[in-house]
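For clarity, every value in this text was computed on a predicted model and none was experimentally measured. Throughout, a chain's letter reflects where its sequence line sits, starting with A, and its residues are numbered from 1.
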Amino acid sequence: QVHLQQSGPGLVRPSQTLSLTCAISGDSVSSNNASWNWIRQSPSRGLEWLGKTYYRSKWSNDYAVSVKSRITINPDTSKNQFSLQLNSVTPEDTAVYYCVRLNWGQGHVGPWGQGTLVTVSS
Amino acid sequence: DIVMTQSPDSLAVSLGERATINCKSSQSVLYSSNKKNYLAWYQQKPGQPPKLLIYWASTRESGVPDRFSGSGSGTDFTLTISSLQAEDVAVYYCQQYYGNPQTFGQGTKLEIK
């Protein structure tokens, strides 16, 4: 059974960097069948996909256009986890952030991490 | 981007009655190679992450009660709850994961009449 466990601070100052980590158990971040995604949810923007990392003979990333200039998603094979970094945050980045596995070949989306409420405030 | 539009925005149904939620995509999410629709349905209760109910438009996730069913193909999809239970009160979302970026509907709030 696959489980995703999120960690990271719940408060970030404006203009600073939001950093979250998602630890994977029951699967490998290097799996050729999965992509590892970050999605956020806020009252104003709803559910918004931010980006993903995946391994298909080499590592690749895809990012949402809305955050492409500010986002980095990195795998960490030594710890079997992946991370989200979002630079230059503003109060508009206040949201609940989720990590999610997608197995496109099996059509399966999940599991989801437990969610982290990140508030951007001074 | 593929735009997902749900209807209605909110719905009140009596216990034991049928609830139907619709989701329309601005482009087809049917992958021709495997004839699968990359469309998922979720249930979300306050303070919890979305819970996967249906994937591939009509495949029920393990452990999900069989009163939940998904149907449709191409651009038009439906989530049906055949006999509403009190614990089904929640917000329901559709998601397409056919294209980049993945996109979600705005949500449908389901209540008891």
Pick from [options] with the largest number of heavy-atom pairs that fall under 4.5 Å of chain A:
| options | answer |
| --- | --- |
| B:G47, B:G105, B:P50, B:P101 | B:P50 |
| B:Q48, B:E61, B:K36 | B:E61 |
| B:Y31, B:Y98, B:Y55 | B:Y55 |

Quiz item: Does CD belonging to A:E92 count more than 12 external heavy atoms closer than 6.0 Å?
Solution: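 Counting other residues, nucleotides and ligands, CD of A:E92 stays at 12 neighbours or fewer.
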
Quiz prompt | B:K45 atom NZ: more than 12 heavy-atom contacts under 6.0 Å | solution = yes

Co-membership, hydrophobic cluster, residues [X] and [Y], 4.5 Å side-chain:
| X | Y | value |
| --- | --- | --- |
| B:L15 | B:V89 | yes |
| A:W38 | B:F104 | no |
| A:L4 | B:L52 | no |
| B:V3 | A:I39 | no |
| B:I21 | B:I112 | yes |

Self-check item: B:Y42 side chain reached by A:L47 side chain, heavy atoms, under 4.5 Å
Solution: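 With C-beta onward as the side chain, the pair stays apart.
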
Quiz prompt | Interface residues of residues 93-122 of chain A facing chain B - non-hydrogen atoms under 4.5 Å apart | solution = A:Y98, A:L102, A:W104, A:G105, A:Q106, A:G107, A:H108, A:V109, A:W112, A:G113, A:Q114

Self-check item: chain B-proximal positions within residues 72-90 of chain A [heavy-atom distance under 4.5 Å]
Solution: none

Quiz prompt | side-chain contact (heavy atoms from CB on, under 4.5 Å) partners for B:S73, two or more places apart | solution =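 Testing B:S73 for side-chain contact (heavy atoms from CB on, under 4.5 Å), a comparison that skips the adjacent residues, returns B:L30, B:N37.
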
Quiz item: Got a second to check how far B:Y93's OH is from A:Q41's CD, nearest 0.5 Å?
Solution: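 The OH atom of B:Y93 sits 4.5 Å away from the CD atom of A:Q41.
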
For [X], which atoms come within 4.5 Å of any heavy atom of chain A: side chain, backbone, both, or neither?
| X | answer |
| --- | --- |
| B:Q102 | both |
| B:Q44 | side chain |
| B:Y38 | side chain |

Self-check item: Any pair counted as ring-ring contact (aromatic ring centres under 6.0 Å, His included), so long as it reaches residues 46-81 of chain A, sequence neighbours left out
Solution: A:Y55-A:W59

Self-check item: Atom group of A:L50 that falls short of 4.5 Å from chain B, counting heavy atoms
Solution: neither

